[in-house]
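Remarks on the structure that follows.
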Amino acid sequence: MTTPIKFYQTGTFTVGNRLLTPEQRSVQSSEERSNALNSGHRACQGCGEALGARYVVDAAMRATHNQLIAANATGCLEVFSTPYPETSWQLPWIHSLFGNAAAVGTGIAAALKVKAQKNGTANNVRVIAQGGDGGTTDIGFGCLSGMFERNDDVLYICYDNEAYMNTGVQRSSATPMGARTATTMAVGAHPGAPAGQGKNLPQIAMAHEIPYVATATVADLRDLEAKVEKAMSIRGARYLHVLVPCPLGWGSASHDTIKLARLARETGLFPVFEAEHGEVTAVTQLRHPVPVQEYLKLQKRFAHLFGPKGDAQMLARIQADADRNIRRFKLLEQEA
Amino acid sequence: MQKPFAITLDPGSSLANKTGSWRTERPVYADHLPPCNAQCPAGEDIQGWLFHAESGDYLQAWQHLTRDNPFPAIMGRVCYHSCEGVCNRGKLDAAVGINSVERFLGDEALKRGWKFAAPAADTGKHVLVVGAGPSGMSAAYHLRRLGHRVTVKEAGPLMGGMMRFGIPQYRLPRDVLEAEMQRIVDMGVTVELGAKVEHIARTMQEGRFDAAFLAVGAHIAKRAFIPAKDSSHILDAVSVLRSMEGADKPMLGRRVVVYGGGNTAIDVARTAKRLGATEAIIVYRRNREKMPAHDFEVEEALQEGVMVKWLSTIKQADGGVLTVEKMVLDDQGNPQPTGEFESLEADSLVLALGQDVDLSLLDGVEGLEVKDGVVQVDPHSMMTGHPGLFAGGDMVPADRNVTIAVGHGKKAARHIDAWLRGQTLAPTVKHAVAGFERINSWYYSDAPKTVRPQLELARRTSSFDEVQGGLTEDNALFEARRCLSCGNCFECDNCYGVCPDNAVIKLGPGKRFAFNYDYCKGCGICVQECPCGAIDMVPEET
């Protein structure tokens, strides 16, 4: 193998490091980061979404020199960050409805364009729209598809925690098969969320052939920041899908949030890739591949798959799903 | 104030919401003791000096290292580096090459002429050190640093003790030894060579010494009774190795048999090869697993063509013929005779059966306890039963190697210093050891160990050139950076980055981090994701 070895001290996996030059460091390692989602927010202990939102927005703030406006769908992110009259947001931020974040973002982008044209100035203010998986894959899907189709100059970020967590953990169209939610209880002949249903929104976004689609997790900060930066260098409709584990809804330990995001990737269940104009252009290879059990066992929403009355068949199906992703996205290094 | 439609309150920041009140457990930064540091007999802060080496600041790394051990170039050659045996990185791929980085730093210091700083103040106390070996010179160095006057009395003609008279040149070149000894003399330590202390009490009285550290090496070879005819050429290992230092090399002949199984036996056999013996045969009573010599030395010797007769003992020497009896191991692993004999031709027989210390200088000193040929000391302070008289190295109960001797010297120096000031040192409270379970290995790149170059075999057996080479600067940096920094923050910014509540405060370069407990919800992500395990989770006090 001729792969150059990179050290944690000077390279790849940690957030920053004393041995790196400032330009090599991540946004999050900097004391000058925006903390766009500030302390005092009311997210649960170990909230993956709070983490993901700060990562994304801070990186976008740096990429746009703080010339940024955010539209936000209803959901955990909106509820825990802005209980009236307090706000954790340190940027212009608007919430309207559960389903229309993409449309509101589109409107702001259009208004900015008009304003710049009228004043004869450069249109440097950029727009992001963000929401959870419910507000994105289900309720806001029509508005989002329209935004893609018109190629509006908005980066839409979906924070995917795989259910409606804000209202008590109900199944969404992003809930993985086999998972227990309040509406897919672990009872009956086929407990948990049904197999063969749901939506894969990154793939649907790719089918719109928009300029940029990417997936990421909160476990790989450098990858996430690089994708945000790239997204902000492009004009037109862009979509970023971030996996954000939810300790409450997943029934996991609050300290395992990042570990779970990492395992989701390393099992192949959550493929991390980039696509431009409908074609996959880059994938993150698995570094230390692990079987799906290691990921599922840490989550109570999959507890019914294990133990004496477990569901070996469903486990095999989930593993097959992971294997299919590994094949489809070429997540393992090709044998030489 | 006029408010917009339907607005009744002023906008406020969420900073008013102190979410730290949710917490039941709190993260706390705490240093833990890396296994390498815990293991080091010389008490080196290995992780600490590697930290500086990682950034390429070799001077600071060397200064940090020599706070505990003044001989990095020597240690980098002769230390058995038990630190590497416990290195957590060994559970990932291969242990960090601590010893090779240490040697690099030592060589770099010699190349660049780095010196020790002179002591800040003079205490006016005068300490006698007996023996200029590793233990004595280590003690002299530390005592001098603490501001005491130090006189070292050495019976031999040169400094270095057993490092010079027991370790062959191919493992420790003499210019390296000389240079690291001289550096201590340059600090203002007086060394008197050829000055044998015959009677410690008298010497102390005459020299008006306030305290003494005894570090007499084990220079007397143990003998075994082997019936021999007059014509038999029988020598002992210590005198063979010692005579290597003089002009007249020992005459061993073409077939040399060495009797014993320790490192000294290996050293003599390898020396014999280099002196031109066609055959060097080690006769050892037990098998390789039971051999006390270090495995890598046995391996190097075998590569060089040294032969070993396992499970054999020498019964008789008759001119050029040895009678050898085969042995078997019993259930306890002890060799038992079989009554089966064979003969072995040999020009000379070298006995390497262990060494004793000449303790005659202690005759008549009150309160001393001598057991099994060594002086009993308080293991905490290294003080003998006689107040003010301390001892270390080969002459106290411990394994006999350079690193342990260096450690004794340092420990004794600290306690001598306290004793001279009328105090006693309390045992140092050590941090809990950072085991592998504290490491989040995900964050460490896969990087196999760099191997040091070795002299090719042909030149090894025909010369006394150094066998093991050193690392280049790039290699040394590479190797230092493989350190996991077990249990000690290396400022990777992970805790700062992974906190969902912005509750980690970055204090700036070299100052590490602090928690803002007003907002820390106690989720524990920072603890879980800290690569090196430098954060503990402790229950919140109610």
Side-chain angles (χ1 to χ4, degrees), chain A residues 3 5-20 25-31 33 35 37-52 54-55 80-90 218-219 221 247 253-259 262 266 287-288, chain B residues 7-20 22-24 54-56 440-448 478 480-485 490-503 505-506 508-510 516 518-529 531 537:
Chain A
T3 322
I5 292 164
K6 290 182 187 166
F7 284 106
Y8 70 99
Q9 292 97 328
T10 50
T12 48
F13 307 119
T14 56
V15 166
N17 195 276
R18 67 186 178 103
L19 299 180
L20 293 173
R25 294 181 193 188
S26 66
V27 176
Q28 286 303 316
S29 74
S30 160
E31 283 171 273
R33 74 185 188 199
N35 280 337
L37 181 64
N38 209 353
S39 306
H41 64 69
R42 302 180 185 197
C44 304
Q45 287 179 320
C47 176
E49 190 173 39
L51 206 50
R54 191 184 78 223
Y55 287 175
F80 76 63
S81 64
T82 53
Y84 183 74
E86 288 168 12
T87 179
S88 304
W89 294 102
Q90 308 209 66
V218 286
L221 170 70
S254 63
H255 59 250
D256 276 340
T257 297
I258 288 182
K259 184 180 182 183
R262 187 155 60 225
E266 294 298 284
R287 185 166 163 240
H288 295 306
Chain B
I7 302 290
T8 53
L9 294 170
D10 291 325
S13 161
S14 66
L15 290 174
N17 190 14
K18 301 280 173 71
T19 51
W22 302 8
R23 202 172 51 232
T24 57
E54 280 163 28
S55 55
N440 188 336
S441 63
W442 173 261
Y443 289 100
Y444 298 98
S445 307
D446 313 304
F478 179 99
R481 287 180 173 179
R482 292 182 65 242
C483 173
L484 307 180
S485 195
F490 60 90
E491 297 187 26
C492 71
D493 299 326
N494 245 29
C495 52
Y496 182 66
V498 300
C499 175
D501 296 289
N502 305 336
I505 305 158
K506 189 170 166 162
N516 182 351
D518 278 355
Y519 300 107
C520 167
K521 291 170 185 161
C523 69
I525 294 183
C526 54
V527 179
Q528 179 83 4
E529 299 302 319
M537 204 69 178

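In this text the structure is predicted, and so the values were computed from the model without any measurement. Chain identifiers are assigned alphabetically (A, B, ...) following the order of the sequence lines, protein sequences preceding nucleic acid strands; residue numbering begins at 1 within each chain.
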Contact check, side chains of B/Asp493 and A/Gln28, non-hydrogen atoms, under 4.5 Å: no
A/Cys47 to B/Pro500 - nearest heavy-atom pair and separation: O-CB, 3.8 Å
For A/Ser39, all residues meeting side-chain hydrogen bond (donor to acceptor under 3.5 Å, both in side chains), sequence neighbours excluded: none
Under 4.5 Å from a heavy atom of chain B, the part of A/Ile258 involved: both
Which portion of B/Asp518 sits near chain A, non-hydrogen atoms under 4.5 angstrom: neither
Approximate separation, where rounding is to 0.5 Å, of B/Asn17 CG and A/His41 NE2: 10.0 Å
Contact winner vs chain B - A/Ala43, A/Ser81, A/Ala50, heavy-atom pairs under 4.5 Å: A/Ala43
Point-to-point distance, once rounded to the nearest 0.5 Å, from CD of B/Glu491 to CG of A/Leu19: 9.5 Å
B/Val527, part contacting chain A, at a heavy-atom distance under 4.5 Å: neither
Close side-chain approach of B/Asn494 and A/Phe13, heavy atoms under 4.5 Å: no
Which of B/Cys499, B/Gly20, B/Gly56, B/Gly508 touches chain A most, by non-hydrogen pairs under 4.5 Å: B/Cys499
Rounded distance [0.5 Å steps], CH2 in A/Trp89 versus OG in B/Ser13: 13.0 Å
Side-chain touch B/Asn502/A/Asn38, heavy atoms, less than 4.5 angstrom: yes
pair B/Glu529-A/Arg262: side-chain heavy atoms closer than 4.5 Å: yes
B/Phe490 side, atom CZ; A/Asn17 side, atom CG - distance, nearest 0.5 Å: 6.5 Å
Beyond-backbone contact of B/Ile525 with A/Gln45, side-chain heavy atoms, under 4.5 angstrom: no
For chain B, the option from A/Lys259, A/Glu86, A/Gln90, A/Glu49 that forms the most heavy-atom pairs under 4.5 Å: A/Glu86
Side-chain touch B/Ser55/A/Arg18, heavy atoms, less than 4.5 angstrom: yes
Engaged part of B/Cys495 at the chain A interface, taking heavy atoms whose separation is under 4.5 Å: neither
Closest heavy-atom pair and its distance - B/Val498, A/Tyr55: CA-OH, 3.6 Å
Parallel, tilted or perpendicular: ring planes of A/His288 versus B/Trp442, cut at 30 and 60 degrees: perpendicular
Side-chain (B/Tyr496) to main-chain (A/Ser30) donor-acceptor, under 3.5 angstrom: yes
Least distance between heavy atoms, A/Ser254 atom then B/Cys523 atom: OG-O, 2.8 Å
Value rounded to 0.5 Å, distance of OG1 in A/Thr14 from CG in B/Asn440: 11.0 Å
Region of A/Thr82 in contact with chain B, defined by heavy-atom distances below 4.5 Å: neither
Check: B/Lys506 side chain, A/Ser29 main-chain N or O, donor-acceptor pair, under 3.5 Å: yes
